[in-house]
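Below is one structure, written out as structure tokens; comments come after it.
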Amino acid sequence: MPHQDQQDNISKARMLLVTRRFLKLDEWLLSQMRGWQNQGEGQSDYGLLMHPATLFTGTESPPLNPLEILNDWVQQCPQSYHAHALLGMVWHENAWIIRQPQEGEEVADHQWLGAQLCCDYAVLSFLRAIELHPRPTHALRHMMNLSGGFGEPYWLKALFAGEIPKPLHEKFSIQGSEIWQAGVTHIHALGFEPATHWPQILPAALQHTRKNDEEALDYWLRMAMSVRHADVGTMESYLLFHSAFWGGSDAQQMQIIDSPLCAEFSEEERNQFRANALCDALSGDIADRESPESQELQSRLAGLLAQPLTPETRIRLLSLAGICIAYWQDDDQAGLAVYNDLFAVSPQAMPGHAAQMFISRAVLANGHQEGLPVLTQLLTRGLSQANDPVLVAFAATALQSGLYGLPARPELCAGLMEHAWSLIQQAGDEQPVKDLVTLAHDMAINDDLGAAHFLMTEMARHGSAIHCYELYFFYRNGWHQDVPEQYHNDSNAMDCLLSAARSGMVPAMFTCANALREGLGGEPDYEQAMHWYQRAMDAGHLSAAYFRASCALDNGSDAEKRQAIEVWLPEILHNAQHPDRAEAAYTLGMAWLTGTGVKKNRYTADKYMEFVLELNPESEAAKQVHDDLNGSLRSRMNLWQDKRKAGVEDPVAAFRSVQPAEPETSLEDVPQSDNK
């Protein structure tokens, strides 16, 4: 949290910005900058102020539009270093937003292009800022960040090579390009057209400053450090681009920290760099147990923890280290001891999310009861800070029955659960409710089934579909632990399942259809079962299509049976990727064998069984039917007679020729990042 003086400075800067008193804001920032350029970053608020997140993240409604305000600032004060530097930062930020991949997908070409078009504007702004101030630290630092993340634009490379860069439409074939059109929509959404023409020369401060074959990242670091020696923020950014996430390694970072590049930094600052590098190593792929890497990391960790570190850095190291130490030493108690040390750093010290879940798992699920004081501290601090929905709900559950070192205070539980749910709603994230399901499982493993039931019912009561779905299995004794008979209740199970399905949870829709078909908690309800199969299908549940068809064959009208045979099951067979393709073929075969929805024909049934065995040679059911249909002379005579009635040589030929669809790819000559 910013201290009061910082908060006052932030409020002043935001007030001047919102009221568009740009000249006054510029004068004030320049006065702040003079002190910052000659002091450590911790002795000035200027570094904090020079960040879009500080200036534009407030409570205004509607929220401020950074591009709009900064462009106004540039228009009114074209000679403002700060306006151009901040504008470059905001364009760079938009590039990252556009480049963000969809969940489970890679970054699309049009996203790279849209991001690069934002980077063009960012670089133009930074170059202008460099022209306007003799010591443009932030502009140079952010040019380094941009070069590391996206690479330098082609036109800037041309300027450094002493060439006149071609306009964008001459450099690239963009006429009629679909990727170009899709990429441009990203920048259009921000209210701008792509920049197409470039400066003809570099700013004077950059001319003849680049060494032959000098990498962009190294060049911009050198330039930034030349105007503000030992700039911590610049070096932290530079080291980040040598981390494993960016293709480097922990060892690479340590080599830089111990090199002459960091000679001007104090030992405390170098320790901070070492801590950042170690945090990268601890948060990535964990080194194998008993490997030299794990031994070295443990040694470095012990050495760093013996040094003076800021409380925040020490907490971050310990938070990441506990799980790693538990793995390396094959001892949960060793990890719990690390978190005990973390709590001793300060009364406010809290481990991160992964560490919190480890503590629960180690004490409750893995049975390390000697670590109970660590869990008690975690829950106590979760209550005192009351900003983590998982810990608040966890602590409320403990208070309900006086578990895990907390007293029994059931009168507090309703309010705490309400607060936890409110935090979940504010976060707009499914992860907390998933974590609470995990905690309920941990409690059950610890034989606290009553607490697990309380936690799940409270979350379900507030509207958590996941917990409703869990309760369905809990009440049916289909959970991961044996559930006492007192909780078994088919009616409650059905109510919970319907609630989860109505909330839009797709697996619950499918399970609900199956339960209604079975008649759970009452009589079978064919119409409602078919309704939920359809809802699940519409939501993308593939297996629902097969079960809908089989349900119609079991319980539907003659018309629905025919539809299942003629339409629904063949649709599945035409989809080579469908998970129930073999089952659909078997069901069709059995329908032809029994005359369900079609006129009985043993030859057609046998052909479907042969097809099932092509799809799944291990199918004993299909093999048995096929053997029965071919097992005697009389059976084969029946097949011969039915073949004449079938009127077709191979009734499954159309399904046999189905091939998986090949993905289409298209790459065009459009401007893209060096780092794609």
Will you find, in the side chains of Asp120 and Trp155, an N or O donor that is under 3.5 Å from an N or O acceptor?
yes
Taking the side chain as every heavy atom from C-beta outward, state whether [X] and [Y] have any pair of such atoms under 4.5 Å apart.
{"X": "Val232", "Y": "Phe273", "answer": "yes"}
{"X": "Asn276", "Y": "Gln253", "answer": "no"}
{"X": "Glu458", "Y": "Thr397", "answer": "no"}

Does NZ or CZ of Arg461 lie under 6.0 Å from the centre of the six-membered ring of Trp421, at an angle within 45° of the ring axis?
no
Is it the case that Arg210 places NZ or CZ above or below the six-membered ring of Phe160, under 6.0 angstrom from the centre and within 45 degrees of the axis?
yes
Would you check if the distance from the ring center of Phe22 to the ring center of His82 is below 6.0 Å?
no
Does the pair Gln426 and Ser422 meet the rule for a side chain to side chain donor-acceptor pair (under 3.5 Å), with working shown?
CA-CA 6 Å; Gln426 291 171 28; Ser422 173; 3.1 Å; yes
Can we say Arg20 and Glu68 salt-bridge, meaning some charged N sits less than 4.0 Å from an Asp/Glu carboxylate O?
yes
Arg274/Glu267 salt bridge by N-O under 4.0 Å criterion:
yes
Tell me, yes or no, whether the heavy-atom count around Glu106 atom CD, taken from other residues, nucleotides or ligands under 6.0 Å, exceeds 12.
no
Phe343 meets the ring-ring contact (aromatic ring centres under 6.0 Å, His included) criterion, sequence neighbours left out, with none
Rounded to the nearest 0.5 Å, the CD atom of Gln32 sits from the CG atom of Leu48 at a distance of 10.5 Å
